[in-house]
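Below is one structure, written out as structure tokens; comments come after it.
Basis for what follows: all heavy atoms, side chains included, without hydrogens, waters or symmetry-related copies.
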Amino acid sequence: MSVVDPGAGDAADAAGTADTGLDALLVCLQLTDSAFPSGFYTLSHGLEGYAQAKAVTPDTLPGLLADLLRHGVGPSDATALVLAHRAATAGDWELLAETDQRLHATRLNRELRLAATRTGRQLLDIAGESVGGEALERYAALVAQKRAPGCQAVAAGVAYASAGVPVEQAVTSDLFAFCTSFVGAALRLRLTDHRKAQVVLRAASPVIREVVSAALERDLADLGGCVPVADAMSGRHERAEARLFMS
């Protein structure tokens, strides 16, 4: 006569859930690591334009980051990532393509459009090899057929969905990666040092939570940020005689 532990099933389920959560975390850490070769390190996210115009200082750097998150990245890239993640999870490839097209259309300057698609296609290529899955294959086909431009935020959303990362965790990870890249550019532009950069990153946490919450509530019709000064800075940067960053 065998004795079955009544708690064994619950323990196994808990272990399976923990393994799934840990794997999702590992995917997030890999895709957002600065060593991931998507080309993110070539971008200043508009910061170099501000620096060239002497429109940002070490003291105003945290405020600029918060404004870009709330009014630029959040309504555009973060929202597109959420929509792309949901479309890929549902297998709605038409919605995925439309999300990508709309995000690309919100990029008013050539350098911003080029930066988004160059890093997006690189991410798509590497994620297809390292993460894999039908969603990434279908999205890659849409990009190859020129039905979707291949923006970074959309590629990231599909990669996270393909790996089974929950959408809230996915968009939070990508927003933190943006902040890390932004302060990394600030370091190279000598707008901060390594210690203060960590203070700026930590101070951005409440704003990231706010932006994530808003992005999860938006529909496709609401996709698009409004940052006229950042667009103007990008336009100046695109025509600058010397540039350290692609954007």
Check whether more than 12 heavy atoms from other residues, nucleotides or ligands sit under 6.0 Å from atom OH of Tyr41, and answer yes or no.
no

Are Val131 and Leu136 close enough that some pair of their side-chain heavy atoms sits under 4.5 Å apart?
yes

Thr79 and Asp222: side chain to side chain contact (heavy atoms under 4.5 Å, CB included), yes or no, with the steps?
CA-CA 8 Å; Thr79 300; Asp222 299 319; 5.8 Å; no

Ser38 versus Ile126: any side-chain heavy-atom pair under 4.5 Å?
no

Take atom CD of Glu210 as the centre, draw a 6.0 Å sphere, and report whether it contains more than 12 heavy atoms from other residues, nucleotides or ligands.
yes

I'd like to know if the side chain of His85 and the backbone of Val165 have a donor-acceptor N/O pair within less than 3.5 Å.
yes

Donor-acceptor contact below 3.5 Å, side chain Asn109 vs main chain Leu112
no

Side chain to side chain donor-acceptor pair (under 3.5 Å) evaluation trace for Ser205 with Arg202:
CA-CA 6 Å; Ser205 294; Arg202 183 57 189 161; 3.2 Å; yes

So which atom in Pro75 and which in Leu69 form the shortest heavy-atom distance, rounded to 0.1 Å?
CD-O, 4.0 Å

Let me confirm one number: the OG1-CG distance from Thr117 to Leu123, rounded to the nearest 0.5 Å.
12.5 Å

Heavy-atom count around Gln145 CD within 6.0 Å, excluding the residue itself: above 12?
yes

Nearest heavy-atom contact between Ala156 and Leu81 is CB-CD1, 3.9 Å

Nearest heavy-atom approach of Thr32 to Asp174 is CG2-N, 4.4 Å

Are Leu220 and Val158 in one and the same hydrophobic cluster, where Ile, Leu, Val, Met, Phe, Trp and Tyr link if side-chain heavy atoms are under 4.5 Å apart?
yes

Has the side chain of Ser173 got a donor or acceptor atom that lies under 3.5 Å from a matching backbone atom of Gln169?
yes

Measure the NZ-CG distance between Lys196 and Leu191 for me, rounded to the nearest 0.5 Å.
11.5 Å

Give a yes or no answer on whether the side chain of Gln101 reaches the backbone of Arg147 with a donor-acceptor pair at less than 3.5 Å.
yes

Which atom of Tyr139 lies closest to which atom of Cys151, heavy atoms considered
OH-N, 3.6 Å

Using the rule that two of Ile, Leu, Val, Met, Phe, Trp, Tyr join whenever any of their side-chain heavy atoms come within less than 4.5 Å, decide whether Leu244 and Leu64 are in one cluster.
yes

Just by distance, do the side chain of Arg188 and the backbone of Gly184 share a donor-acceptor pair under 3.5 Å?
no

Is it true that a side-chain atom of Thr180 and a backbone atom of Phe176 form a donor plus acceptor pair closer than 3.5 Å?
yes

Let me confirm one number: the OG1-CD distance from Thr119 to Gln122, rounded to the nearest 0.5 Å.
9.0 Å

Looking at Thr106 and Leu103, would you say the former's side chain and the latter's main chain have a donor-acceptor pair under 3.5 Å?
yes

Among Phe245, Phe182, Phe178, Tyr50, which one satisfies ring pair (Phe, Tyr, Trp, His ring centres under 6.0 Å) with His45?
Phe178

Check whether any side-chain N or O of Ser234 sits under 3.5 Å from a backbone N or O of Ala230 as a donor-acceptor pair, and report yes or no.
no

Does CZ in Arg118 sit with more than 12 non-hydrogen atoms of other residues, nucleotides or ligands closer than 6.0 Å?
no

Tell me whether Val73 shares a hydrophobic cluster with Leu43, the cluster being built from Ile, Leu, Val, Met, Phe, Trp, Tyr side chains joined at under 4.5 Å.
no

Is Leu68 reachable from Val199 through a run of I, L, V, M, F, W or Y residues, each pair having side-chain heavy atoms under 4.5 Å apart?
no

Within the side chain of Asp219, is there an N or O that forms a donor-acceptor pair under 3.5 Å with the backbone of Ala221?
no

Taking atom CG of Leu83 and atom OG1 of Thr99, what is their separation to the nearest 0.5 Å?
5.0 Å

Which heavy atom of Ala148 sits nearest to which heavy atom of Asp100, and what is that distance?
CB-OD2, 3.4 Å

Tightest non-hydrogen contact, residues His194 and Leu187, listed as N-CD2, 3.5 Å

Same apolar cluster: Val211 and Leu216, side chain cutoff 4.5 Å
yes

Taking side chain as C-beta onward, heavy atoms only, is Val56 less than 4.5 Å from Leu47?
yes

To the closest 0.5 Å, what do you measure between OG (Ser213) and CD1 (Ile208)?
13.5 Å

Do the side chains of Arg107 and Asp77 get close enough for a salt bridge, i.e. N-O under 4.0 angstrom?
yes

Could you give the distance from CZ (Arg236) to CG (Asp231), rounded to the nearest 0.5 Å?
14.0 Å

So do His237 and Glu111 actually touch side chain to side chain, heavy atoms under 4.5 Å?
yes

Is the backbone of Leu189 close enough, under 3.5 Å, to the side chain of Glu48 for a donor and an acceptor to pair up by distance?
no

